[in-house]
Amino acid sequence: MSRVLRFITAGESHGPGLTVVVDGLPAGVPVERAAIDADLRRRQGGYGRGGRMKIETDAVEILSGVRHGRTLGSPVALVVRNRDHESWADVMSPDPQPDAARERRRLRHPRPGHADLAGALKYGTSDLRNVVERASARETTARVAAGALARALLREAGVEVRSHVVRIGEAGLGEGPTAWATLDRAEESPVRCVDPAVSDAMVAAIDRARKDGDSVGGAVEVIARGVPAGLGSFAQWDRRLDGRIAQALMSIPAVKAVAIGEGFAGGETRGSAFHDEIVWDAGAGLSRPTNRAGGLEGGVTNGEEVRALAVVKPIPTLLIALRSVDLATKEPQKASVERSDTCVVPAAGVVAEAMLALVLGDALLERTGGDSLEEVLAHLETTRARQRRLAGPR
Ligand SMILES: Cc1cc2nc3c(=O)[nH]c(=O)nc-3n(C[C@H](O)[C@H](O)[C@H](O)COP(=O)(O)O)c2cc1C
């Protein structure tokens with residue numbers, strides 16, 4: 001659905017690495033490898049992750065499209081190597097291998113909640129390894145790397161994207177919006193939650209689930225500040241930015257529900273208590289005392305913070321494995337257990353930031369055009385000046 005800023009990922013969980021090609025960035029966007037790596041590290045963190053995160057510290061290699069710290073306007077190719085590939089080299093080899101290598105990591109018992117069975121039926125394979133390697137959320141590493149490039153573009157335009165964890169299992173933040181100024185605290189919490197007491201309760205919820213061999217889900221909020229008004233369009237269904245954001249967030253593995261702003265409350269609230277009033281102040285211009293709409297009305301950004309909530313299901317690999325069936329013998333079996341996390345909600349928030357940055361970056365470039373960052377920013381300033389004439393300083 002992207003229009004200008006497109007990306008495509010490739011790579012298997014235990015293959016040589018994850019690759020992403022990002023196309024459509026203007027020339028001149030500053031790119032720092034360390035900033036990409038910092039986001040990759042944030043994706044790998046969070047209380048509740050399993051063994052793999054300890055083995056691997058992801059680091060990006062930039063293969064094209066960047067010279068002396070700035071994009072060239074050509075496609076940017078990024079690679080993140082899988083550090084444990086070495087011990088999987090024969091299992092994942094692109095070349096024919098002896099039976100032993102094929103059998104060593106064969107998976108036969110599809111895990112409920114994973115792509116295992118659906119993928120086996122789709123591709124007609126009884127070796128679930130062929131499915132899980134690509135269906136694995138390891139792919140989100142490539143999205144986070146791409147998202148860091150979108151974030152670099154947005155930063156130049158005065159847009160920042162952040163996230164925080166709202167709920168893990170039974171532990172959750174109370175009602176009311178979380179202020180932007182408090183989001184720093186999320187980075188200090190092991191579960192990326194802004195409230196230390198709730199953070200402790202979330203850690204305890206994860207510990208309980210882990211002790212039981214179970215998993216636990218939750219919810220993250222992703223927020224963008226400084227987003228210019230007028231991105232997206234109500235002119236066609238597929239240009240509405242709320243729909244584009246929803247698809248991007250829903251595409252994150254384990255995300256099962258998305259709301260824009262306080263969308264989940266919309267079904268149980270009267271209109272007078274839901275919509276954000278518009279007020280005028282000669283000094284401050286037009287403003288909105290509340291932002292329940294999450295910065296989007298009619299599929300178009302209205303200049304308020306863009307806010308979206310993503311609900312993350314409990315991950316499907318469980319030590320107390322659910323019932324399944326051996327695909328070869330059809331005998332009842334416990335579902336396979338791959339090395340697994342207990343809770344990925346904090347990490348999902350980092351992926352959600354990347355996805356929102358990519359959608360907003362695309363919408364920005366769609367709005368401004370421009371081959372160079374300079375042209376993008378010049379057009380944006382013209383737009384902002386025109387909007388100030390209509391709506392005041394804001
Ligand atoms: C960052 C991240 C890490 C994940 N890690 C695991 C994991 O270790 N074990 C697991 O069973 N699921 C994990 N998942 C979730 C599965 O990938 C996901 O549930 C599965 O691919 C099926 O897709 P669906 O839940 O969107 O239907 C993770 C998800 C994310 C976003």
Side-chain angles (χ1 to χ4, degrees), residues 9 11-14 18 20 39-58 80 82 84 107 109-123 128-148 163 165 167-168 191-192 206 209-210 212-222 246-258 308-322 324 334-356 358:
T9 74
E12 276 77 37
S13 178
H14 297 95
L18 281 304
V20 61
D39 274 349
L40 293 177
R41 255 197 312 280
R42 290 172 67 235
R43 191 204 72 95
Q44 289 190 288
Y47 196 78
R49 306 305 297 282
R52 184 166 194 181
M53 299 308 129
K54 297 190 186 91
I55 305 170
E56 301 194 359
T57 302
D58 286 332
V80 179
N82 288 326
D84 58 353
L107 289 173
H109 313 147
R111 292 160 300 173
H114 251 291
D116 302 5
L117 180 58
L121 295 170
K122 179 175 173 63
Y123 292 106
L128 301 172
R129 174 68 49 203
N130 288 348
V131 173
V132 307
E133 283 291 327
R134 180 61 184 164
S136 156
R138 176 76 182 143
E139 184 266 347
T140 60
T141 305
R143 302 197 205 186
V144 168
S163 72
V165 171
R167 166 163 302 281
I168 289 179
V191 282
R192 310 196 55 255
I206 294 169
R210 181 187 282 134
D212 296 341
D214 215 330
S215 63
V216 64
V220 296
E221 188 183 34
V222 58
Q247 199 223 334
L249 297 180
M250 186 66 93
S251 77
I252 300 170
V255 168
K256 291 296 137 195
V258 175
L309 193 80
V311 177
V312 183
K313 77 182 186 184
I315 55 168
T317 307
L318 306 174
L319 291 176
I320 40 159
L322 298 177
S324 183
K334 289 290 185 189
S336 300
V337 180
E338 280 272 275
R339 181 178 44 192
S340 186
D341 304 336
T342 305
C343 176
V344 298
V345 179
V350 178
V351 182
E353 288 175 30
M355 294 308 290
L356 183 62
L358 285 157

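First listed ligand is number 1; within each ligand, the first listed atom is number 1. Worth saying up front: this structure is predicted, and the values here are computed from it rather than measured.
Every atom of ligand 1 with a heavy atom of K313 under 4.0 Å away is listed here by number and element: 19 (O), 24 (P), 25 (O), 27 (O). Close approach of ligand 1 to A254 is summarised as follows: ligand atoms under 4.0 Å from at least one heavy atom of the residue are 15 (C), 18 (C), 19 (O), 24 (P), 25 (O), 26 (O). Close contacts between ligand 1 and A135 involve ligand atoms 21 (O) [criterion: under 4.0 Å to a heavy atom]. Residue contact check: R49 has heavy atoms under 4.0 Å from atoms 3 (C) of ligand 1. When each atom of ligand 1 is checked for a heavy atom of K256 under 4.0 Å away, the hits are 24 (P), 25 (O), 26 (O), 27 (O). Interface atoms of ligand 1 facing P316, defined by a heavy-atom separation under 4.0 Å, are 10 (C), 11 (O), 12 (N), 19 (O).
Looking only at atom types and distance, the side chain of T317 has a donor-acceptor partner in the side chain of R111 under 3.5 Å away. Side-chain polar atoms of R134 and T9 form a donor-acceptor pair below 3.5 angstrom. Looking at S215 and R210, their side chains never bring a donor and an acceptor atom within 3.5 Å of each other.
Listed by chain and residue number, E12, S13, H14, W88, M92, R129 satisfy the side chain to side chain contact (heavy atoms under 4.5 Å, CB included) test with E133 (two or more places apart in sequence, or in another chain). The side chain to side chain contact (heavy atoms under 4.5 Å, CB included) test applied to L121 returns L117, not counting sequence neighbours.
For H114, a nitrogen or oxygen atom sits less than 3.5 Å from a nitrogen or oxygen atom of ligand 1, counting backbone and side chain alike. Residue D341 has at least one nitrogen or oxygen atom sitting less than 3.5 Å from a nitrogen or oxygen atom of ligand 1, judged on distance alone.
If you look at T317 next to ligand 1, the close heavy atoms, those under 4.0 Å, come from the backbone and the side chain alike.
A salt bridge links R192 to E353: at least one charged side-chain nitrogen sits closer than 4.0 Å to a carboxylate oxygen.
Counting heavy atoms only, A137 comes closest to atom 29 (C) of ligand 1 of the residues G349, S215, A137.
For the atom pair CG (D212) and CG (L318), the distance works out to 11.0 Å, reported to the nearest 0.5 Å.
For the pair V20/R143, no side-chain contact is recorded, criterion being any heavy-atom separation below 4.5 Å from C-beta on.
Not a single heavy atom of R138 sits under 4.0 Å from any atom of ligand 1.
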